[in-house]
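Only one structure is covered here, and it is reproduced in the block below.
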2 protein chains.
Amino acid sequence: MELWYTEEHTDTVRFSIKVKEQLYSAKSPFQQIDVFNSEEFGVILTIDGLMMVTQKDEFIYHDMIAHVPMATNPQIEKVLVIGAGDGGTVRELTRYHGIKQIDMVEIDQMIVDVCRKYLPQTASKLDDHRVNLYFEDGLKFVRTKENEYDLIVVDSTDPFGPGEGLFTKEFYGNCFKALKDDGILVNQHESPYYESYANSMKHAHKRIKEFFPVCKVYQAHIPSYPSGHWLFGFASKKYDPITDFNANAWNQLELKTKYYNTELHIGAFALPNYVKEMLEDNNE
Amino acid sequence: MELWYTEEHTDTVRFSIKVKEQLYSAKSPFQQIDVFNSEEFGVILTIDGLMMVTQKDEFIYHDMIAHVPMATNPQIEKVLVIGAGDGGTVRELTRYHGIKQIDMVEIDQMIVDVCRKYLPQTASKLDDHRVNLYFEDGLKFVRTKENEYDLIVVDSTDPFGPGEGLFTKEFYGNCFKALKDDGILVNQHESPYYESYANSMKHAHKRIKEFFPVCKVYQAHIPSYPSGHWLFGFASKKYDPITDFNANAWNQLELKTKYYNTELHIGAFALPNYVKEMLEDNNE
């Protein structure tokens with residue numbers, strides 16, 4: 001017998017991973033959650049049939065969503081993380097001794113429970129004393145905050161289902177309000193290659209740009225995500241991720257990372273022309 | 001009826017593209033050649049069941065293999081291209097008026113004939129008056145050359161079958177000899193993510209480093225290739241692709257490119273730590 005997990009990257013493109021066993025399957029009040037074990041990618045978490053985290057390549061996503069803003073402003077003390085139920089983003093953030101408080105808002109408690117059990121590699125630092133876990137809607141949570149955070153990380157699913165509200169103008173406006181005067185917003189920003197993802201990317205960029213004076217996009221090679229070419233948004237009230245970046249300061253922290261380094265920090269913002277054009281000529 | 005092309009990225013990972021029709025299928029004296037038409041990737045050329053070129057994303061590979069060396073030394077006049085039967089590499093090179101001669105050595109004439117018919121998008125410039133086509137073994141061709149070329153581009157298949165000789169110590173040594181004192185060697189350098197490709201990458205890098213004082217690796221996002229994270233080797237007798245790079249000089253040429261730009265030129269050499277470590281601790 002062979003068991004294969006297949007993800008549709010488009011209607012006519014499929015990515016399949018041979019699975020040793022299905023470890024978990026349940027429907028939460030918000031979404032379908034599955035966990036598989038595979039030879040090539042190790043443990044895999046899928047939500048509504050889309051790959052969210054794999055044991056083999058999660059370091060890439062989590063390095064890039066956490067270290068790029070932290071290296072841009074190493075003075076960050078108070079962080080809001082929205083989504084991120086697997087815990088990988090929090091794991092990377094807790095490595096910074098300068099961070100005093102991390103509020104993590106995940107709508108679906110079942111994701112956290114499942115990852116604590118099946119993905120301790122990512123969930124291991126959710127018990128850090130600086131972390132406050134809130135199981136509620138990030139969209140509503142952020143509405144009540146003003147001038148409070150140094151960094152907001154939006155580590156969301158794709159913009160359908162529970163993740164949809166995290167790609168709206170209202171949400172980005174509330175993030176702006178919730179950030180301090182030198183605050184940074186980083187979000188998972190979809191992908192430029194397949195059309196439906198590219199449309200989400202253009203949509204998000206256009207809306208974030210309406211609020212933030214600094215609004216850039218950076219990229220990483222994430223093999224388990226559609227096309228392998230994944231983007232993150234960097235928006236800020238003050239800091240530019242290149243011109244305000246102090247590589248020496250970050251290197252002095254002596255954090256060991258498997259993907260991120262300070263040269264790649266700069267390189268990640270050097271987008272291909274076709275991606276730059278999509279972000280510029282943007283009527284989404 | 002549905003027709004799907006499936007490529008095995010590893011024994012347990014598959015990538016599948018829905019195909020409208022198979023346009024061509026034949027076995028040449030060297031390899032199995034197939035051409036498909038697909039909705040997402042347009043026309044696809046496969047060799048021995050592996051994707052070589054797709055109409056949708058070929059611009060990425062060809063931009064990166066041609067413009068990185070040409071922008072590092074815009075004085076390049078005489079070029080040897082090995083493999084590259086689809087013509088895409090030559091198409092990009094012919095855009096440089098400074099290039100006086102391109103010798104292209106492709107072992108398999110059938111590839112060129114098939115691409116002229118089914119992939120005119122890449123093959124269109126093979127008739128340029130500066131191009132000399134040789135249908136013979138690149139390994140043997142380069143053995144007879146000494147101090148002759150400014151640039152050698154090795155645009156090969158993977159290191160099995162006819163491409164195998166193009167990953168050997170003997171071949172790289174002969175390339176070194178065939179290059180002038182300021183010559184550059186660029187090659188397709190496999191991928192760091194899946195183990196068998198990573199082993200080929202380490203193997204190639206170690207062997208090239210034995211001959212060339214400058215030996216670097218750069219990357220691109222190529223969605224149709226395994227993991228989407230693809231590498232190129234840049235080796236040289238003299239020029240460093242970063243410190244000797246003159247972005248203004250290249251920008252003054254006013255070449256329109258869909259992937260390459262001069263910021264990305266530098267960014268592409270900023271490799272993730274896990275890739276750098278593989279290239280450094282290299283006992284392959």
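By convention in this document, chain letters (A, B, ...) are assigned in the order of the sequence lines, proteins followed by strands, and residues within each chain are numbered from 1.
- Crowding of K56(B) atom NZ: a count of heavy atoms from other residues, nucleotides or ligands under 6.0 Å exceeding 12.
- Contacts of E58(B) classified as salt bridge (charged side-chain N to carboxylate O under 4.0 Å, His left out), with partners at least two apart in sequence or in another chain: R91(B).
- Most heavy-atom pairs under 4.5 Å with chain A: of the set I222(B), D11(B), D63(B), L271(B), this distinction falls to L271(B).
- The choice from E40(A), K18(A), Q219(A), E2(A) that makes the most heavy-atom pairs within less than 4.5 Å of chain B is E40(A).
- By the salt bridge (charged side-chain N to carboxylate O under 4.0 Å, His left out) test, D240(B) is found to be paired with K216(B), residues two or more places apart in sequence or in another chain being considered.
- Residue contact with chain A, scored on non-hydrogen atoms closer than 4.5 Å, involves the side chain of K276(B) exclusively.
- For F59(B), the part lying near chain A is the side chain, with the backbone staying farther off; criterion is any non-hydrogen pair under 4.5 Å.
- The salt bridge (charged side-chain N to carboxylate O under 4.0 Å, His left out) search around E8(A) returns R14(A), not counting sequence neighbours.
- The part of F41(B) that comes within reach of chain A is its side chain, from C-beta onward, which places non-hydrogen atoms under 4.5 angstrom from that chain.
- Applying a 4.5 Å heavy-atom cutoff, the residues of residues 260-268 of chain A that approach chain B are Y260(A), N261(A), E263(A), L264(A), G267(A).
- For the options T6(A), I60(A), D57(A), heavy-atom pairs under 4.5 Å to chain B are most numerous at D57(A).
- The local environment of CD in E21(A) is crowded, with over 12 non-hydrogen atoms from other residues, nucleotides or ligands closer than 6.0 Å.
- With chain A as partner, the option from T10(B), V13(B), V19(B) having the largest number of non-hydrogen pairs under 4.5 angstrom is V13(B).
- Counting heavy-atom neighbours within 6.0 Å of E39(B) CD, excluding the residue itself, gives a total of 12 or less.
- The candidate from Y5(A), Y274(A), W4(A) with the greatest count of non-hydrogen atom pairs under 4.5 Å with chain B is W4(A).
- The greatest number of non-hydrogen atom pairs below 4.5 Å with chain B, out of Y194(A), F15(A), Y259(A), is found for Y259(A).
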